[in-house]
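Nothing fancy with the numbering, it's 1 onward along the sequence.
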Amino acid sequence: MLVNSSDVIAALITPPGRGGVGIVRLSGNNLESFFDALLGFIPKPRFAHYHPFFSADGEPIDRGIALYFPAPDSYTGEHVLELQGHGGPVVMDCLLRRTIELGARQARPGEFSERAFLNGKMDLTQVEAVADLIDAGSEQAARGAIKTLQGQFSRRVTQILEHLIALRVYVEAAIDFPEEEIDFLSDGKVESGLLALSKELEELLAGVSQGALLREGISVVIAGKPNAGKSSLLNALSGLDTAIVTDVPGTTRDVLREQITIDGIPLHIIDTAGLRVTADAVERKGIERAEGEIKRADQILFLVDASKPFDLSVDAVFPQVEADFSQAENLTFVLNKTDSSAYAGFQIEQSKHPVIEISAKTGSGLVELKQHLKNCAGYVSAGEGVFSARRRHITALNQTQDSITQALKQLLTTGAGELIAEDLKQAQQILGTITGDYTSDDLLGEIFSSFCIGK
């Protein structure tokens, strides 16, 4: 997926629509013809020139600020020109079309950041942090993205990688130069090194797991029988009047979604159709969708109407879904309508799943429910070691940890240096995929295609 750096690429890097300012960015190794045609002069590096931007017939398209960043001191590592004009869609479209007339091509999604990576301006974690910062859904997530963008995550990975390489070199030296009489089995250096690496990986995993949680959040499905108060709970959690609430059973026939944030954690709340046997074809379709969401959920809140007699076994609540999630660790019973005079309290011994008592109507118990969801998500705190991270980072760290564990096992059982060295080599390659030292074009394509055009 290497780009042709001789191409000049151009894109609108501000959101489309009307605004005070709109910016067109160009990047490439040959911008001289663009300077002459658009501005009529070569701009001074990193100096704001207030000047007209010219069309093909010499008439001004707009008047604004031109900024020139010569290579390699630019975002992409190439020559970069930014034209900052008035943020009207017609003006910006004319300016972008003019750059394409002059030989630039429309940038692909993420192509500016791709060039920054390929030119060594950023590693892969920093590139991903750019997108994470733009998409951050909370202040904590933004802070984590900034840390990663500044290279803190990369430095931790590089530090572990250096320790791993040093240990691998020691083991391979013992294999390749037996006359040196390096006895890695008895001197304890390899064992202590492997244990130290395992601890470093464990600490880093804790930080990136929290970072991934802050970035991605968890999906929470509200399930239960009709009229249990599912839609009322959705409205109470979101603070919005999203779902229709009536006394008529089966009001919700489709999946309703809302996102809330609790201490920086995005929670994707999903309200579903009431679970019951029905002859109504439309409602049946809604129930099928509800069961599909239940199977995919990170957490299930099974709402029970506590103003009526109930039995907190899934078999009693809804027998048809018992096989799907009766044994699930992600199931919580939520007793709603506890403000009702008919509610006489609950003996927690009745259920093997967590039980929380609330009133969606009065708000009672919602604080406890939110705290329970935080605990279920595994949230600890947005401390100093929390970085913006993705699932691929967690997967790579876990796989690296597995290779280190396997190397330790080989050391303590077979003592086979060649097998230990191979495990360390594999760990090094997996860890290198995080920053991009070892990667594939397919992975790069997947990452950069998710970016917006202009970044």
Side-chain angles (χ1 to χ4, degrees), residues 123-126 128-129 144 147-148 150-215 329 375 377-439:
D123 64 32
L124 211 48
T125 63
Q126 291 173 300
E128 290 169 311
K147 288 180 184 178
T148 301
Q150 291 174 336
Q152 293 186 34
F153 181 27
S154 303
R155 284 192 289 274
R156 288 286 300 276
V157 172
T158 301
Q159 183 182 47
I160 296 173
L161 200 52
E162 288 172 352
H163 295 164
L164 176 56
I165 292 171
L167 189 60
R168 180 185 167 194
V169 167
Y170 179 78
V171 171
E172 293 193 354
I175 298 169
D176 295 338
F177 303 101
E179 66 275 7
E180 297 294 329
E181 297 183 353
I182 300 174
D183 187 0
F184 63 84
L185 290 176
S186 61
D187 66 7
K189 183 175 180 179
V190 175
E191 183 177 358
S192 62
L194 289 171
L195 291 173
L197 281 170
S198 182
K199 184 178 179 182
E200 286 183 275
L201 286 165
E202 185 179 337
E203 292 172 352
L204 185 56
L205 260 168
V208 298
S209 296
Q210 292 298 300
L213 177 62
L214 290 172
R215 176 181 177 269
E329 294 181 359
N375 295 340
Y379 179 76
V380 180
S381 67
E384 290 299 314
V386 175
F387 307 109
S388 172
R390 301 189 172 203
R391 291 296 166 188
R392 79 170 190 90
H393 302 149
I394 295 175
T395 299
L397 289 171
N398 278 321
Q399 290 175 343
T400 304
Q401 184 75 282
D402 290 343
S403 293
I404 296 300
T405 301
Q406 180 62 24
L408 185 60
K409 181 180 177 181
Q410 293 289 358
L411 177 68
L412 299 177
T413 55
T414 66
E418 292 83 358
L419 297 178
I420 297 170
E422 183 61 31
D423 288 328
L424 292 176
K425 177 183 177 182
Q426 187 176 39
Q428 179 185 344
Q429 291 178 337
I430 294 169
L431 197 58
T433 63
I434 294 178
T435 56
D437 293 337
Y438 295 93
T439 190

For the residue pair D423 / S403, report whether a side-chain donor-acceptor contact shorter than 3.5 Å exists. no

Side chain to side chain contact (heavy atoms under 4.5 Å, CB included) between R156 and Q152: does it pass, once the steps are laid out? CA-CA 6 Å; R156 288 286 300 276; Q152 293 186 34; 6.0 Å; no

Is the count of non-hydrogen atoms from other residues, nucleotides or ligands lying under 6.0 Å from E202 atom CD greater than 12? no

Can you tell me if R392 uses its side chain to pair, donor with acceptor, with the backbone of T433 under 3.5 Å? yes

Tightest non-hydrogen contact, residues A396 and I434, listed as CB-CG1, 3.7 Å

With a 4.5 Å cut-off on side-chain heavy atoms, are Q126 and Q150 touching? no

Do T125 and S154 have side-chain N/O donor and acceptor atoms under 3.5 Å apart? yes

For the atom pair CD (Q428) and CZ (R168), what is the distance rounded to the nearest 0.5 Å? 5.0 Å

Y170 six-ring face occupied by K189 cation (under 6.0 Å, within 45°): yes

For S198, what residues pass the side chain to side chain contact (heavy atoms under 4.5 Å, CB included) criterion, not counting sequence neighbours? Q401, I404

Interatomic distance, L161 atom CG to L431 atom CG [nearest 0.5 angstrom]: 5.0 Å

Start with the C-alpha gap between E128 and H393, add the side-chain angles, then the distance that decides, and say whether side chain to side chain contact (heavy atoms under 4.5 Å, CB included) holds. CA-CA 11 Å; E128 290 169 311; H393 302 149; 2.8 Å; yes

Approximate separation, where rounding is to 0.5 Å, of E418 CD and Q410 CD: 10.5 Å

Pairwise distance OG1(T158) to CG(L164) - rounded to 0.5 angstrom: 12.0 Å

NZ of K409 to CG of L194, rounded to nearest 0.5 Å, is 14.5 Å

Any side-chain heavy-atom pair of T400 and L197 under 4.5 Å: no

Side chains of F153 and L204, heavy atoms from C-beta outward: is any pair under 4.5 Å? yes

Using the side chain to side chain contact (heavy atoms under 4.5 Å, CB included) rule, take Q426 and Q399 through it: C-alpha gap first, then chi angles, then the decisive distance, then the call. CA-CA 9 Å; Q426 187 176 39; Q399 290 175 343; over 6 Å; no

Return the CD1 to CG distance between I420 and L411, rounded to the nearest 0.5 Å. 4.5 Å

